[in-house]
**Q** 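Okay, handing you the structure first.
Side-chain atoms are counted along with the backbone in the values below, which use heavy atoms only and exclude waters and symmetry mates.
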Amino acid sequence: MSELLFKVENMAQYIELYDDEVHVQMPLAIMQVIKIKDITDIEFRRANFVMSGKVVIKYRDNGVNETAYYPFNFMFNEGMVGLMGKLNELLEQLKGKKEDVLIKEVIKIRCLGCGALMDEHSQVCPVCGRPQV
């Protein structure tokens, strides 16, 4: 078994980072095991005013595109930032072998009118159409 490097958990859900794979367990779901070398894209989304969000990991499993989601709330925020930092380090080590890995952080803000979440650079709310000035 690989060495456990980082773990963020709450009751029936957790995400574990090993030196060569990530385990994602959600309540009432089968644990997803993702080989780090198979990761094609990672999004670490968090709301700007609400300390919650999700991690989305896209990967290829036997030639098939797959996606794993892990929602988190304010209780995990610092843990999730630490986990993403460690995952970044591991992916950097693979960088010479795998150039197509892209990690991006998407920050969401709330619309001043309706409160819907939207991209922090949006000038107009995609839900209610109110300008964000």
Side-chain angles (χ1 to χ4, degrees):
M1 187 74 179
S2 304
E3 177 188 355
L4 178 63
L5 301 177
F6 213 95
K7 182 174 184 175
V8 179
E9 64 181 317
N10 183 34
M11 299 183 0
Q13 64 186 34
Y14 64 84
I15 184 168
E16 295 177 338
L17 176 63
Y18 293 86
D19 52 11
D20 63 343
E21 60 190 22
V22 177
H23 295 187
V24 179
Q25 178 66 57
M26 296 301 296
L28 305 175
I30 297 172
M31 179 177 62
Q32 292 173 288
V33 177
I34 305 163
K35 297 287 184 189
I36 291 175
K37 67 179 179 60
D38 295 332
I39 294 174
T40 58
D41 185 47
I42 297 175
E43 290 182 20
F44 175 44
R45 296 183 181 190
R46 61 180 168 181
N48 198 21
F49 300 114
V50 181
M51 300 307 277
S52 64
K54 68 180 175 180
V55 172
V56 180
I57 303 174
K58 296 180 181 176
Y59 62 102
R60 291 187 61 77
D61 185 18
N62 294 320
V64 177
N65 290 329
E66 301 284 348
T67 304
Y69 300 93
Y70 184 84
F72 63 95
N73 63 29
F74 67 94
M75 293 170 21
F76 309 132
N77 194 43
E78 293 305 313
M80 293 306 295
V81 171
L83 181 127
M84 294 308 292
K86 276 284 191 198
L87 184 54
N88 256 328
E89 289 175 20
L90 289 176
L91 289 168
E92 279 296 316
Q93 293 173 6
L94 293 175
K95 193 172 186 175
K97 302 173 192 169
K98 187 173 182 65
E99 290 295 329
D100 60 341
V101 172
L102 174 65
I103 298 178
K104 55 190 168 191
E105 182 173 347
V106 179
I107 297 176
K108 299 287 184 177
I109 62 171
R110 294 225 177 254
C111 171
L112 300 172
C114 70
L117 285 177
M118 59 187 200
D119 187 67
E120 69 176 329
H121 300 295
S122 294
Q123 306 236 342
V124 177
C125 176
V127 176
C128 71
R130 179 177 178 189
Q132 303 299 304
V133 180

**Q** Tell me who clusters with Val64, hydrophobic residues only, linked when side chains sit under 4.5 Å apart either directly or through other members.
**A**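 Its cluster partners, ordered by chain and number, are none at all.
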**Q** Over all heavy atoms of both residues, which pair between Thr40 and Tyr59 is shortest? Give the atoms and the distance, please.
**A**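 Closest heavy-atom pair between Thr40 and Tyr59: OG1-N, 3.8 Å.
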**Q** Checking side chain to side chain contact (heavy atoms under 4.5 Å, CB included) for the pair Lys58/Ile42: CA distance, chi angles, key distance, verdict?
**A** CA-CA 6 Å; Lys58 296 180 181 176; Ile42 297 175; over 6 Å; no
**Q** Can you tell me how far the CG atom of Asp38 sits from the CG atom of Asn62, to the nearest 0.5 Å?
**A**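 One gets 8.5 Å once the value is rounded to the nearest 0.5 Å.
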**Q** To the nearest 0.5 angstrom, please state how far the CG atom of Asn88 sits from the CD atom of Gln93.
**A**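 If we round to the nearest 0.5 Å, Asn88:CG and Gln93:CD are 11.5 Å apart.
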**Q** Cut-off 3.5 Å, no hydrogens considered: what does the side-chain donor-acceptor table look like for residues 122-130, sequence neighbours left out?
**A**
| residue | atom | partner | partner atom | Å |
| --- | --- | --- | --- | --- |
| Ser122 | OG | Asp119 | O | 3.2 |
| Arg130 | NH1 | Leu112 | O | 3.0 |

**Q** Roughly how far, to the nearest 0.5 Å, is the CG atom of Leu83 from the CD1 atom of Ile15?
**A**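 The CD1 atom of Ile15 sits 5.0 Å away from the CG atom of Leu83.
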**Q** Among residues at least two apart in sequence or on other chains, which ones pass salt bridge (Lys or Arg N to Asp or Glu O under 4.0 Å) with Lys7?
**A**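 Partners of Lys7 by the salt bridge (Lys or Arg N to Asp or Glu O under 4.0 Å) criterion, ordered by chain and then number, come out as Glu9, Glu16.
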**Q** How close do Phe44 and Val55 get, heavy atom to heavy atom, and via which atoms?
**A**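 In terms of heavy atoms, the two residues are closest at CD1-CG2, 3.8 Å.
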**Q** Report the residues that fulfil side chain to side chain contact (heavy atoms under 4.5 Å, CB included) with Lys86, sequence neighbours left out, ordered by chain and then residue number.
**A**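 Counting only residues at least two positions away or on another chain, Lys86 forms a side chain to side chain contact (heavy atoms under 4.5 Å, CB included) with Phe6, Leu17, Glu89.
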**Q** Which Ile, Leu, Val, Met, Phe, Trp or Tyr residues join Val33 in one cluster when any pair of side-chain heavy atoms under 4.5 Å counts as a link?
**A**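 Under the 4.5 Å side-chain rule, Val33 groups with Tyr14, Met31.
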**Q** In terms of hydrophobic clusters joined by side-chain contacts under 4.5 Å, are Leu91 and Val56 together?
**A**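 No: no chain of side-chain contacts under 4.5 Å links Leu91 to Val56.
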**Q** Excluding sequence neighbours, so at least two apart, what forms side chain to side chain contact (heavy atoms under 4.5 Å, CB included) with Pro131?
**A**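 Listed in chain order: Val133.
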**Q** Is there a side-chain contact between Ile34 and Asp61, using heavy atoms and a 4.5 Å cut-off?
**A**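 No, too far: nothing below the 4.5 Å cut-off.
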**Q** Taking atom OH of Tyr18 and atom CD of Glu3, what is their separation to the nearest 0.5 Å?
**A**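 Between atom OH of Tyr18 and atom CD of Glu3 there are 10.5 Å.
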**Q** Can you name the nearest heavy-atom pair linking Gly115 to Arg110, along with the distance?
**A**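 That closest heavy-atom pairing would be O-NH1, 2.9 Å.
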**Q** Work out which heavy atom in Ala68 is nearest to a heavy atom in Gln32; give both atom names and the distance.
**A**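 Of all heavy-atom pairs spanning Ala68 and Gln32, the closest is CB-OE1, 3.4 Å.
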**Q** Considering all heavy atoms of both residues, which atom of Gln13 and which atom of Pro71 are nearest to each other, and what is their separation?
**A**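 Of all heavy-atom pairs spanning Gln13 and Pro71, the closest is NE2-O, 3.7 Å.
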**Q** Roughly how far, to the nearest 0.5 Å, is CG of Leu4 from CD of Glu21?
**A**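 Here the rounded value is 10.5 Å.
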